[in-house]
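Counting begins at 1 with the first residue of the sequence. The basis for the numbers below is simple: all heavy atoms, side chains too, and nothing from hydrogens, waters or symmetry mates.
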Amino acid sequence: MDVEEQNQMDLDEEESADEESSEESEEGEVYLPGKPLEKDEELVCNEDAYLMLHQAHTGAPCLSFDIIPDDLGDRRDQFPLTGFLVAGTQAARTHVNNVIVMKMSNLHRTSKERDPEGEAESEEDEEEEEEIPAEKMPQMHCALTKHQGCVNRIRATRHSNSVLAATWSELGQVNVWKLNQQLTLVNDPGSLASWEKSGEGNRVKPLFTFSGHQKEGFAMDWSPTVSGVLVTGDCRRDIHVWQPGEAGTWAVDQRPLIGHTDSVEDLQWSPNERSVLASCSVDKSIRIWDTRASPAKACMLTCDSAHDSDVNVISWNRNEPLIVSGGDDGVLHVWDLRTFSSKTPIATFKHHTNYISTVEWHPTDSSVLASGGADDQIALWDLSVERDSAENGDEETSEELKNLPPQLLFIHQGQKDIKELHWHPQLPGVILSTANSGFNIFRTISV
């Protein structure tokens with residue numbers, strides 16, 4: 001796929017199944033992932049469960065992305081919404097990959113409005129509104145920058161009046177990109193068109209490149225407490241800490257943190273302690289590090305058998321001393337760092353039917369998190385919920401529903417092989433997710 005083809009991007013409002021089956025769905029069964037469908041059965045999206053549901057497509061799959069913080073204000077919950085993100089492609093041909101800065105705007109509420117009595121709109125009204133008016137069509141503008149190799153992972157931050165993105169390349173290099181120009185362009189369609197026509201995006205060079213890793217990798221995280229500090233981990237087992245220098249440079253400690261015995265899959269800085277970070281690995285362990293110590297002695301705490309197989313992802317709660325982990329075993333574990341040395345999670349959830357590829361705590365609600373993976377579902381969880389004894393005795397509730405964890409709030413489906421999700425920190429309740437089938441942008445009635 002060439003650059004021209006990748007420029008053909010669109011953002012469409014998510015469509016549910018046809019109207020004929022929508023009436024049946026109101027009386028139909030609740031579908032649980034993994035349950036086989038009969039020949040004449042099909043899944044129908046319950047639009048009433050969403051305040052907003054849109055989808056976006058790019059020319060090549062973007063299996064990693066991050067949300068770019070903007071200056072439009074915090075806690076924006078008035079529709080239509082606007083958000084900015086940066087993603088990296090995984091194109092079939094190595095030399096046609098890009099870093100894509102995106103502006104998604106005019107994101108309107110998609111749930112059906114109800115009158116004060118709670119009655120849904122009539123079928124006649126629905127037919128009239130079937131065609132979305134032009135002024136309510138969502139929009140997406142993209143600025144592409146050429147990237148050497150597929151982008152394994154991408155993370156964004158603000159540093160020294162610049163918006164930066166770090167990318168892990170399949171070629172074994174970590175690049176840092178300055179995105180200020182691209183962000184200006186997505187706000188000015190005329191200038192963006194000229195930039196694309198001139199091929200300027202093919203000539204942009206990284207601000208900084210580190211080639212000291214001995215192998216490609218996926219793990220990386222910008223520090224939330226110290227501007228410009230980055231940590232990267234590779235498939236060889238090495239973790240390197242970066243310190244920002246002058247004029248867009250970084251000093252990368254060539255001595256890796258010593259501890260893991262296999263590929264480092266994910267890294268997370270502590271949201272409060274400036275020198276503390278967590279890592280997880282194919283060696284089944286989760287480790288807590290203090291970077292003030294020498295690399296050979298930096299590992300403070302270890303849980304060697306955190307999962308039964310590879311530990312793929314971790315997320316550090318921003319408000320409580322909790323870490324959640326997800327693995328190839330399809331299990332979610334919640335760890336309290338105050339009792340981490342006991343090597344026993346405070347909560348375990350086995351709901352996913354395939355490996356977990358992404359997990360993230362809600363940015364402000366310390367009891368809520370989201371997880372997703374290769375079973376094509378995103379699950380929303382609320383750890384503060386306890387099972388009501390009355391529910392157990394409800395004869396109308398199916399056995400399958402009774403067996404669901406009470407903390408499971410919501411199941412979102414419709415994407416194939418989900419790779420990554422993020423809560424938008426400035427748009428309350430909004431989740432963005434990416435998969436082989438494209439992006440979803442949604443907000444449920446649950447959170």
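Partners of W177 by ring pair (Phe, Tyr, Trp, His ring centres under 6.0 Å), not counting sequence neighbours, listed by chain and number: H147. Take S263 and apply the side chain to side chain contact (heavy atoms under 4.5 Å, CB included) test, not counting sequence neighbours, and it matches C235, E265, V282. Not counting sequence neighbours, the partners of Q90 by the side chain to side chain contact (heavy atoms under 4.5 Å, CB included) test are L63, C150, N152. Not a single ring pair (Phe, Tyr, Trp, His ring centres under 6.0 Å) links H352 to another residue, sequence neighbours left out. With sequence neighbours excluded, no residue satisfies ring pair (Phe, Tyr, Trp, His ring centres under 6.0 Å) with H159. The side chain to side chain contact (heavy atoms under 4.5 Å, CB included) check on P69 picks up R158, Q426, with sequence neighbours excluded. Evaluation of the salt bridge (charged side-chain N to carboxylate O under 4.0 Å, His left out) rule for D308 yields no partner, not counting sequence neighbours. Remark: H333 engages H307, W335 in a ring pair (Phe, Tyr, Trp, His ring centres under 6.0 Å) (not counting sequence neighbours). For K419, the salt bridge (charged side-chain N to carboxylate O under 4.0 Å, His left out) partners two or more places apart in sequence, or in a different chain, are D417.
Residues R153 and S64 approach most closely at CA-OG, 3.3 Å, considering heavy atoms. Of all non-hydrogen atoms in F65 and L432, the two that sit nearest each other are CZ-O, 3.3 Å. For H412 against N440, the heavy-atom pair with the smallest separation is NE2-OD1, 2.9 Å. Listed here is the closest heavy atom pair of S309 and D329: OG-N, 3.2 Å. Closest heavy-atom contact between P425 and P363: CA-CG, 4.2 Å. The two residues A56 and M104 come nearest to each other via the heavy atoms CB-CE, 3.9 Å.
You'll find the side chain of E196 reaches within 4.5 Å of the side chain of L192, heavy atoms only. Looking only at side-chain heavy atoms (C-beta outward), W381 and V324 stay at 4.5 Å or farther from each other. Counting heavy atoms from C-beta on, the side chains of L179 and V86 come closer than 4.5 Å. In this structure the side chain of M102 reaches within 4.5 angstrom of the side chain of T58, judged on heavy atoms. Between H424 and L81, every side-chain heavy-atom pair lies at or beyond the 4.5 Å cut-off. Counting heavy atoms from C-beta outward, P295 and L257 have side chains that approach closer than 4.5 Å. A 4.5 Å side-chain heavy-atom check between P345 and V334 finds every atom pair outside the cut-off.
Ring pair F210/W250: centre-to-centre distance not below 6.0 Å.
Annotation: the span from S366 atom OG to E320 atom CD amounts to 4.5 Å, rounded to 0.5 Å. Summarising the geometry, atom OG1 belonging to T157 is positioned 9.0 Å from atom CG belonging to D66; distances are rounded to the nearest 0.5 Å. Atoms CE and CG, on M140 and N106 in that order, are 14.0 Å from each other to the nearest 0.5 Å. Distance OG/S371 to CD1/I356: 5.5 Å, rounded to 0.5 Å. Note that OH of Y50 is 7.5 Å distant from OG1 of T444, once rounded to the nearest 0.5 Å. Atom CD1 of I100 sits about 4.5 Å away from atom CG of L144, to the nearest 0.5 Å.
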Practice prompt. Go through the steps for V231 and W289 under the test side chain to side chain contact (heavy atoms under 4.5 Å, CB included), then give the verdict.
Written response: CA-CA 12 Å; V231 63; W289 310 79; over 6 Å; no
Practice prompt. Might you work through the side chain to side chain contact (heavy atoms under 4.5 Å, CB included) test for L53 and E47, ending with a clear yes or no?
Written response: CA-CA 8 Å; L53 178 55; E47 292 184 351; over 6 Å; no
Discussion item. Between V163 and F84, does the side chain to side chain contact (heavy atoms under 4.5 Å, CB included) criterion hold? Intermediate values first, please.
Written reply: CA-CA 12 Å; V163 174; F84 298 83; over 6 Å; no
Discussion item. Does N98 form a side chain to side chain donor-acceptor pair (under 3.5 Å) with T89? I'd like the steps, not just the answer.
Written reply: CA-CA 6 Å; N98 290 279; T89 66; 4.9 Å; no
Fill in: Verdict with supporting geometry, L408 and I411, side chain to side chain contact (heavy atoms under 4.5 Å, CB included)
CA-CA 8 Å; L408 182 61; I411 299 173; 4.0 Å; yes
Item to complete: I would like to know whether D70 and K103 meet salt bridge (Lys or Arg N to Asp or Glu O under 4.0 Å); could you show each step before the answer?
Response: CA-CA 11 Å; D70 58 56; K103 177 186 179 182; over 6 Å; no
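Listed for the T434 side chain is a donor-acceptor partner under 3.5 Å among the backbone atoms of C62. Between the side chain of S281 and the backbone N or O of D262, at least one donor-acceptor pair lies under 3.5 Å. Between the N312 side chain and the T358 main chain, no donor and acceptor come within less than 3.5 Å of each other. In this structure, the side chain of D253 does not engage the main chain of V241 through any donor-acceptor pair within 3.5 Å. Judged by distance alone, the side chain of D328 and the main-chain N or O of D310 form no donor-acceptor pair under 3.5 Å. At least one donor-acceptor pair closer than 3.5 Å links the side chain of Q268 to the backbone N or O of W316. Side chain of D266 to backbone of C280: no donor-acceptor contact under 3.5 angstrom is found. In this structure, W361 contributes its side chain and R318 its backbone to no donor-acceptor pair below 3.5 Å. Checked by atom type and distance alone, the side chain of R76 pairs as donor or acceptor with a backbone atom of T82 at under 3.5 Å. Using a distance-only test at 3.5 Å, with no hydrogens or angles considered, a donor-acceptor pair links the side chain of Q407 to the main chain of V385.
Screening Q415, Q55, E420, H422 for a side-chain hydrogen bond (donor to acceptor under 3.5 Å, both in side chains) with S433, the sole residue that qualifies is Q415.
There is no side-chain donor-acceptor pair under 3.5 Å between S270 and N272. T225 and W269 form no side-chain donor-acceptor contact under 3.5 Å, judged by distance and modelled atom types alone.
Note on residues 338-348: pairs passing salt bridge (charged side-chain N to carboxylate O under 4.0 Å, His left out), not counting sequence neighbours, are D336-R338. Residue pairs satisfying the salt bridge (charged side-chain N to carboxylate O under 4.0 Å, His left out) criterion with at least one member in residues 229-238, sequence neighbours excluded, are listed as follows: R236-D238. Within the structure, salt bridge (charged side-chain N to carboxylate O under 4.0 Å, His left out) pairs that include any residue of residues 271-288 comprise R287-D304 (at least two apart or interchain).
The aromatic rings of W168 and H213 sit tilted, their planes meeting at an angle between 30° and 60°.
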